[in-house]
Amino acid sequence: MQQMGKRYNFEEIESRWQKYWEDKKLYKTVEREDKEKYYVLEMFPYPSGALHMGHVRNYSIGDVVARFKRMQGYNVLHPMGWDAFGLPAENAAIKHGTPPSQWTWQNIANMKQQLKTLGLSYDWDREIATCHPDYYRWTQWIFLQLYHNGLAYKAKAPVNWCPSCCTVLANEQVVGEGRCERCGTIVKKRDLEQWFFRITNYAEELLRDLDKLPGWPEKVKIMQRNWIGRSEGVEINFRTEEGDPIPVFTTRHDTVFGATYLVLAPEHPLVEKLIRGTEFEKPVREFVEKVRQMDYIQRTSTELEKEGMFTGAYAVNPLNNEKIPIWVANYVLMEYGTGAVMAVPAHDQRDLEFAKKYGLPIKIVVQPKEGEKLDEGSLKEAFAEEGISVNSGLISGLPTAEAKEKIADYIEEKGLGKRKVNYRLKDWLISRQRYWGAPIPIIYCDRCGIVPVPEKDLPVYLPEDVEFKPTGESPLKYRSDFLNTTCPECGGSAVRETDTMDTFVCSSWYFLRYTSPHEKDRPFDKEKVDYWMNVDQYIGGVEHAILHLMYARFLTKVLRDLGYVSVDEPFQNLLTQGMVLKDGAKMSKSKGNVVTPEEIISEYGADTARLFILFAAPPERDLEWSDEAVEGCYRFLNRVWRLVTRYTDDLKEIRDYNEILLNTSEEKNFNRLMHATIKKVTEDIEKRFNFNTAISAVMEFVNGTYDYIENTQSENLNLPLLKKAFTNLILLMAPFTPHIAEELWVRIGNEPSVHEQSWPKYDEEALKTQMVTMIVQVNGKVRGRMEVSVDTSEEEIKEKAMELENVKNHIKGKKVLKAIVVPNKLVNFVVK
RNA sequence: GCGGGAGUGGCGGAAUUGGCAGACGCGCUAGACUUAGGAUCUAGUGAGCAGUGCUCGUGGGGGUUCAAAUCCCUUCUCCCGCACCA
């Protein structure tokens, strides 16, 4: 360990300054009017037990933003907390016998310690944990506000059930091919009575307001638009011969005259009625049963052969009173539209395939504007584009757009249906049959029915000393002290709801709680929320593009409509950071490619860990871990350390270094580099969050400083200039590597803290030069370069360029047709 | 299938407005200092021809332009999201 003496002692330095900052409450934030506010927030972690590199990346990015904005004079809110309810705590309880509460709080303590070793500038006084009664009481309060305003309701519906997690899931939590977002198990459909939030009331606004978020990645907005899935069309009232209504939703109402049959989803309630007592009863029922048995993957696969069966019944097309057969088929979904579609085989590919398979008629009602006319007999592919309506009564001869308008008007006039906007978005299922979550504040009374818990009785405490049974059921079901209560309305005996809320409810408002985390009588102080909101910069993983980010937008809008907050949107700007990879794959225990923050911090220190993770790739991109590159970052910090500490004795005493005399050209160049570096680093952070290039600029500046020193006799060193350079270097490094910056700041003769200093400014004048290097090209190829003064005329530039030996060689014997001069950059001779 | 992103040295990446391709870092090569080097410093490092210049070079092909990693057309590969949405 001989070489350790030559390396800087990060262990001692980092722990000392972390303690200092904490003792001085350096990052404590209060509302103030003399500074502009800036709210920077990173998605709070689930306390799984230990930090991983993804956390380090997320929080390092946030910390650079926070520190940078603070130095720029903003009043910065930078809080941290815990998304502390959730299933892993229960699984751990079952496995190890530790109660979820204890397990969670232990993990929080451990991870908080780890976060502190990273030197992140949080205001820890604002720490929150969603599993604390002081927090979840207000989650319950929010539930009640939704309930009282018709936005929370209980309904029986076919819901997604994860057999492994033993709970239902929201649609958003079913990913990929119908798998549980958490454990990957294939979900099953079950008819259950559950609590929902009426997010569909906000579908239109959630969609529209995406346009108010230019600071969000386009990718995320597209994903949300897709998820909301708005489509405009008409609901047309078909009916059976007996007169039972069968509304169908279509976006191609202009093709209604081409409907040759009608299809019901297997789950459609009318199916049973149509077949009862007929010869079709048995086969159709068998078919329906077969389809319902299929799991989500099979059912929604595009590979799935379209299959169906005639019900024996007929429907009447209200537009032309034509009788068309009613079928049941596996390609119609009960969840979308009305669960019934009018089939227009000529103009819909799915209908065409189905019609061909079962010999159903095909009727062309739209012809392309140009090209060959379609023919029923030879139709290979459905013509789904716009064209001209034919054989369509009142809309024949009209182009699609006009035909749609006219037929929609007609349908509405005659009462045959109405225009409708359909959304794919479904209401948010928030019930969970799990223990470790915020209890839904509802009481069931035999006499009064569903009774909300009065606000004064909140919180509904979650009992913490619980035992788990191997059945997978929530322990709450067996806790009579929890279960049995009295009805708030009639005083009679009643029972509590034992389901808890989806943890995404808890995380949909935590950013509001940070603004006034100790509020006793309200979820948050409106004045403080109004002061801080919205979040200026939100940072987190793209995996929350729909889930968390849409739920949080929804609840913000609800709370706005109820008068509790003033903003329409919670997150003004969103940065979705890339993953941390090793050997091209996401770090995971099963792949054995995990590098833990702990080992890196203990070997190289937090500053090196932060520097590497910020330097190795721009924040939005995936980052490939490299042990060698970490080593390189550590080397760089040592290089800075040696550079600055070598001169601390000389520089300590220098107090006057604001007006610096620049004598030699070395000094002038060095000074220019210093200002150019400030400019580059500032703009890279501010405009683009390109920390990697900002850091590379700092590295170049360090290299330039070494060059200046090498090229100058030590007795001739301009010490005030050097002091200024070191001062700026340290200030520029402060957001990235806060500990070494603080230590060096003090060592060159300042009082702590460097993190309370102003961000350095560059001098536009100092950037100017008299001489520039110009590129000389012949036919676009570089043939030489030359030094010219900045005010050289185009004529002079051309003349001078022509005199270059190598340029002469390439022009010789040829004719100069043209010369393009880009001032201070290049000159290009076009020759032949 | 639809939508989005990416493709640049041995590697991570840079090139911000169409103007020097490869900044910065890793790795590698040689040298210096050294008892030693997994420390530090110096020089070099896209490929080829070769000796200081030339040719080629940003997934492939074509085009626009005095000039293209950057703009247009076309094509291939990889990653992500959605996927019978009527």
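Values in this document were obtained by computation on a predicted structure and should not be read as measured data. Throughout, protein chains are lettered first and strands after them, A, B, ... in sequence-line order, and every chain is numbered starting at 1.
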Base, sugar-phosphate alone, or nothing: which one does H810(A) contact when heavy atoms must sit under 4.0 Å apart? sugar-phosphate
Closest listed nucleotide, where the reference is the side chain of K680(A) and the choices are rG25(B), rU16(B), rC84(B): rU16(B)
Regarding rC84(B), can its base be found pairing with the side chain of K306(A) as donor and acceptor, where the two atoms are less than 3.5 Å apart? yes
Between N692(A) and rA14(B), is there a contact of a side-chain N or O with OP1 or OP2 at under 4.0 Å? yes
Counting just side-chain N and O atoms, does S231(A) come under 4.0 Å of either OP1 or OP2 of rA86(B)? yes
Would you mind classifying the nucleic acid contact of N809(A) as base, sugar-phosphate or nothing, using non-hydrogen atoms under 4.0 angstrom? nothing
Can you tell me the Watson-Crick or wobble partner of rU34(B), both distances under 3.5 angstrom? none
Which nucleotide, if any, forms a Watson-Crick or G-U wobble pair with rG1(B), using both distances under 3.5 Å? rC82(B)
R688(A) side chain N/O closer than 4.0 Å to the phosphate oxygens (OP1, OP2) of rA14(B)? no
If you measure from the C1' atom in rC78(B) to the same atom in rU64(B), how many Å do you get, rounded? 29 Å
Nearest to side-chain heavy atoms of N806(A), which nucleotide of rG3(B), rG53(B), rA21(B): rG53(B)
In whole angstrom, give me the gap between the C1' atoms of rG46(B) and rA23(B). 15 Å
Out of rG3(B), rA86(B), rC41(B), whichever nucleotide has its closest atom nearest the side chain of R642(A): rC41(B)
With a cut-off of less than 4.0 Å, is there a side-chain N or O of H347(A) near OP1 or OP2 of rA86(B)? no
Could you tell me whether the side chains of Q577(A) and R621(A) share a donor-acceptor contact shorter than 3.5 Å? no
If the P atom of rC85(B) is compared with that of rG5(B), how far apart are they to the nearest Å? 24 Å
Suppose you measure atom P in rA21(B) against the same atom in rU16(B); what distance do you get, rounded to whole Å? 14 Å
Taking any strand in view, what nucleotide pairs with rC24(B) in a Watson-Crick or G-U wobble way, both distances under 3.5 Å? rG12(B)
Interatomic distance at P, rG18(B) relative to rC82(B), whole Å: 35 Å
Looking only at side-chain N and O atoms, does N703(A) offer a donor or acceptor that is under 3.5 Å from a partner on R639(A)? yes
Where the side chain of P618(A) is defined as all heavy atoms beyond and including C-beta, which of rC24(B), rA14(B), rC85(B) is the nearest nucleotide? rA14(B)
For I775(A) and rG19(B), give me the distance from atom CD1 to atom C1', rounded to whole Å. 9 Å
Can you check nucleotides 77-82 of chain B for protein contacts, nitrogen or oxygen pairs under 3.5 Å, and list what you find?
unit_1, atom_1, unit_2, atom_2, d
rC80(B), O2', K219(A), NZ, 3.4

Mind checking if G632(A) touches a base, just sugar-phosphate, or nothing, with heavy atoms under 4.0 Å? sugar-phosphate
Please find out if less than 6.0 Å separates the ring center of F354(A) from that of Y261(A). yes
Under a 4.0 Å threshold between the charged nitrogen and the carboxylate oxygen, would R225(A) count as salt-bridged to D211(A)? yes
Which nucleotide in the list rC85(B), rA23(B), rG25(B) gets nearest to the side chain of M699(A)? rG25(B)
Pairing partner of rU58(B) (Watson-Crick or G-U wobble, both distances under 3.5 Å): none
Start at the 5' end of RNA chain B and walk down; is the nucleotide closest to Y706(A) or to E624(A) reached first? E624(A)
Which is true for R783(A) with a 4.0 Å heavy-atom rule: it touches a base, it touches only sugar-phosphate, or it touches nothing? sugar-phosphate
With sugar-phosphate meaning primed atoms plus P, OP1 and OP2, does R635(A) contact a base, only sugar-phosphate, or nothing at under 4.0 Å between heavy atoms? sugar-phosphate
Between W227(A) and R424(A), is the side chain to side chain contact (heavy atoms under 4.5 Å, CB included) condition met? List the steps. CA-CA 7 Å; W227(A) 189 260; R424(A) 244 163 356 205; over 6 Å; no
Between F615(A) and F691(A), is the ring centre distance below 6.0 Å? no
Looking at R419(A) and E235(A), is any side-chain nitrogen of the basic one under 4.0 Å from a carboxylate oxygen of the acidic one? no
Could you tell me if Y647(A) and S714(A) have a donor-acceptor pair between their side chains, going purely by distance under 3.5 Å? no
Looking at rA86(B), rA14(B), rC24(B), which one has an atom nearest to any side-chain atom of V332(A)? rA86(B)
Check whether the side chains of N160(A) and K189(A) place a donor and an acceptor atom closer than 3.5 Å, and report yes or no. yes
Look at all strands and tell whether K781(A) reaches a base, only sugar-phosphate, or nothing, counting heavy atoms closer than 4.0 Å. sugar-phosphate
Side chain of A616(A), heavy atoms from C-beta onward: which of rG12(B), rA23(B), rA86(B) has the nearest atom to it? rG12(B)
Any strand counts, and the cut-off is 3.5 Å on both contacts for Watson-Crick or G-U wobble. Which nucleotide pairs with rU65(B)? none
Going by purine N1 to pyrimidine N3 plus the second Watson-Crick contact, or the G-U wobble pair, all under 3.5 Å, which nucleotide sits opposite rA6(B)? rU77(B)
Testing the 3.5 Å rule here: is there a donor-acceptor pair between the side chains of E603(A) and Y634(A)? no
Of the options rG27(B), rA39(B), rG13(B), whose atoms approach the side-chain atoms of R621(A) most closely? rG13(B)
Grab the CZ-C1' distance between R7(A) and rG37(B) for me, whole Å please. 12 Å
Mind checking L333(A) for me? I need base, sugar-phosphate or nothing, with any heavy atom below 4.0 Å counting as a touch. base
Can you tell me if N669(A) and R672(A) form a side-chain donor-acceptor pair at under 3.5 Å? yes
Gap between atoms CZ and C1', on F615(A) and rG13(B) respectively (whole Å): 8 Å
Take atom C1' in rC49(B) and the same atom in rG4(B), then report the distance between them in whole Å. 44 Å
Say you pick atom C1' in rG9(B) and the same atom in rA14(B); how far apart are they, in whole Å? 13 Å
Scan every strand shown for a Watson-Crick or G-U wobble partner of rU29(B), both distances under 3.5 Å, and answer none if you come up empty. rA43(B)
Might you list the N or O atoms of the protein lying below 3.5 Å from N or O atoms in nucleotides 66-69 of chain B, with each pair's distance?
unit_1, atom_1, unit_2, atom_2, d
rC66(B), O2', N828(A), ND2, 3.2
rC66(B), O2, N828(A), ND2, 2.8

Can you tell whether the side chains of K420(A) and E232(A) come within less than 4.0 Å, N to carboxylate O? no
Regarding K221(A) and E218(A), does a basic nitrogen lie under 4.0 Å from an acidic carboxylate oxygen? yes
Which nucleotide sits closest to the side chain of S696(A): rC85(B), rU16(B), rA23(B)? rA23(B)
